[in-house]
Amino acid sequence: MKATIITIGDEILIGQIVDTNSAFIAKSLDKIGVEIKEMISISDDKEHILNTFSKLQNTVDLVIITGGLGPTKDDVTKKTFCDYFGDELVVNESVLVHVTQLIEGFYKRTVTQINKDQALVPSKCTVLHNQVGTAPGMWMKKENTVFISLPGVPYEMKYLVEHEIIPKVVEEFHRPYIIHKTILTYGQGESMVAERIEDWENSLPEFLKLAYLPSPGRVRLRISGKSTDKVFLENRIEEYVLSLNTIIGDIIVGYEEDETIEVIIGKMLKKQHKTIATAESCTGGSIAGLLTSVAGASDYFKGSVVSYATEAKINVLDIPEDVIKQFSVVSAEVASAMAVSVKKLMKTDYALATTGNAGPTKGEGDAEIGSVFIALATPEGVIVEEFNFGQPREKVIDRAVYKSLEILQKEISKNVL
């Protein structure tokens, strides 16, 4: 089963907003065995929308459209649906009641005609009821393709995907099993990893595919398979993952289904009932930002000090001024002192600290541009490592963030039962 995802909106095309809806929809469909053929962003133009629908007709089983369903005049999707399906807009009484209750009961406002117009839908469509907003979703079929229109507001779109679309697709379509297994590697670049596993990769059967997903400081290897036999597929993927571990086990630090390293670390800390804090200079709070992006992070993340300036290191973290003068603000000694200090300040089991020169020019001290010291204070002591991540500035910061998380994960992994 194949699907195409369309986002409608000039605001996406001019870069005013980033399309996150397509990623969510794609991941949701992939989990139930729907193959995504393509993602398309198009303008709020009737002819453009109609031409796109025509091109997709009978080439995919499912077309999901987000955007263009608001109450304003520039939202054209419903009228375009009517043109494409030879239909007309009618008032859906159930939607009208919901809109009225939401506007009057929750928002405490008088219902306007614009609000009521949200209840207008093509007469032939199956309405997907939107319990968290006013714009309903629409499900319509023409020949061999189902077209689904969703509001572009992310939380409304997510509600409809999870509560309306996924159950309906599962019920109405026969789908194969699609399984992914992602191996997390750290410390070697994409080309070096590829060279080491070349023979293994060449031995993969046709129903398994390997993708390289490089990012600063890490390479993820995703094995994907598709089959009508779920148990067979799971067993074969597991066999190849185990054999891969014998080849590059020295750089494999974990496995990820839909999880990032910050999620994995969070689960490990929760399981061990351990806590973490950060003291960041060159990374500017980015490590703390990633760790706290995970729901429930308050169970293990206790706080952060962004000691960007030397004065903050001295006044907030209580780093002795003579240590900074003797060793430089970018040094193993200062990184270590930062980690120890924030661990004591926040009363945590672990503490990460970074200090470095991300560029583009030299700051305080004599450290080369790209130099970063990462320290991890643990219950047993302090680990400090020095790196040079080169340039540009963004690369230095990104690599420092993920290298810090790698060091943390490796250390707490030692205590996994």
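The chain is numbered in sequence order, starting from 1. Only heavy atoms go into these numbers, but all of them, side chains included; no hydrogens, no water, no symmetry mates.
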Option passing side-chain contact (heavy atoms from CB on, under 4.5 Å) with Leu210 (candidates Leu221, Ile183, Leu244): Leu221

If only atom types and distance count, is the side chain of Asp61 paired as donor or acceptor with the main-chain N or O of Lys2 below 3.5 Å? yes

Test: Lys158 cationic atom under 6.0 Å from Phe24 six-membered ring centre, within 45° of axis: yes

Within the 4.5 Å heavy-atom criterion, are Ile264 and Leu184 side-chain neighbours or not? yes

Side chains of Cys282 and Ile397: closer than 4.5 Å at any heavy-atom pair? no

Within the side chain of Ser149, is there an N or O that forms a donor-acceptor pair under 3.5 Å with the backbone of Met138? no

Where is the tightest heavy-atom contact between Thr59 and Leu56, given as atom of each residue plus distance? OG1-O, 2.8 Å

Begin from the C-alpha positions of Glu164 and Lys168 and carry the test salt bridge (Lys or Arg N to Asp or Glu O under 4.0 Å) through to its verdict. CA-CA 6 Å; Glu164 296 284 341; Lys168 194 169 176 61; over 6 Å; no

Please answer whether the main-chain N or O of Ala332 pairs with a side-chain N or O of Ser336 as donor and acceptor at a distance below 3.5 Å. no

What I want to find out is whether Lys226 reaches Glu35 closely enough, with some N-O distance under 4.0 Å, to be called a salt bridge. yes

Shortest non-hydrogen pair, Leu405 vs Ile265, comes out as O-CD1, 3.5 Å

Output all residues satisfying side chain to side chain donor-acceptor pair (under 3.5 Å) with Thr278, sequence neighbours left out; order by chain, then residue number. Glu280, Ser304

Counting only heavy atoms not in Glu195, do more than 12 sit closer than 6.0 Å to its CD atom? no

Testing the basics here: between Ala375 and Val384, what is the closest heavy-atom pair and its distance to 0.1 Å? CB-CG2, 4.0 Å

Tell me, yes or no, whether the heavy-atom count around Glu321 atom CD, taken from other residues, nucleotides or ligands under 6.0 Å, exceeds 12. no

With a 4.0 Å cut-off on N to O distance, would you call Asp318 and Lys344 a salt bridge? no

Minimal heavy-atom distance between Tyr350 and Lys343, with the atoms involved, is N-CE, 4.4 Å

Closer than 3.5 angstrom, by distance alone: can the side chain of Asp87 be matched with the main-chain N or O of Lys124 as a donor-acceptor pair? yes

Please tell me whether Phe232 and Phe207 form a close aromatic pair, meaning their ring centres lie under 6.0 Å apart. yes

So does Gly152 get a backbone contact from the side chain of Asn21, meaning a donor-acceptor N/O pair under 3.5 Å? yes

State, yes or no, whether a side-chain contact exists between Ile319 and Met338 at a heavy-atom distance under 4.5 Å. yes

Do the side chain of Asn315 and the main chain of Glu311 share a donor and acceptor less than 3.5 angstrom apart? yes

Would you mind listing every ring pair (Phe, Tyr, Trp, His ring centres under 6.0 Å) that reaches into residues 31-59, with sequence neighbours excluded? Phe53-Phe81, Phe53-Tyr84, Phe53-Phe147

Indicate yes or no for a side-chain donor-acceptor contact from Thr275 to the backbone of Asp349 under 3.5 Å, with no hydrogens or angles considered. yes

Are side-chain heavy atoms of Thr228 and Tyr177 found at a separation under 4.5 Å? no

For Thr354 and Thr283: C-alpha separation, side-chain torsions, deciding distance, then whether side-chain hydrogen bond (donor to acceptor under 3.5 Å, both in side chains) applies. CA-CA 7 Å; Thr354 60; Thr283 50; 2.7 Å; yes

Ignoring hydrogens and angles, tell me if any N or O in the side chain of Gln57 forms a donor-acceptor pair with the backbone of Lys142 under 3.5 Å. yes

Check whether any side-chain N or O of Arg222 sits under 3.5 Å from a backbone N or O of Arg220 as a donor-acceptor pair, and report yes or no. no

Taking Thr355's backbone N and O only, do any of them form a donor-acceptor pair with Ser281's side chain (distance below 3.5 Å, no angle check)? no

What pair of heavy atoms forms the shortest contact from Val121 to Cys125, and how long is it? CB-SG, 3.9 Å

Going by atom types alone, do Ser371 and Asn357 pair a side-chain donor with an acceptor below 3.5 Å? no

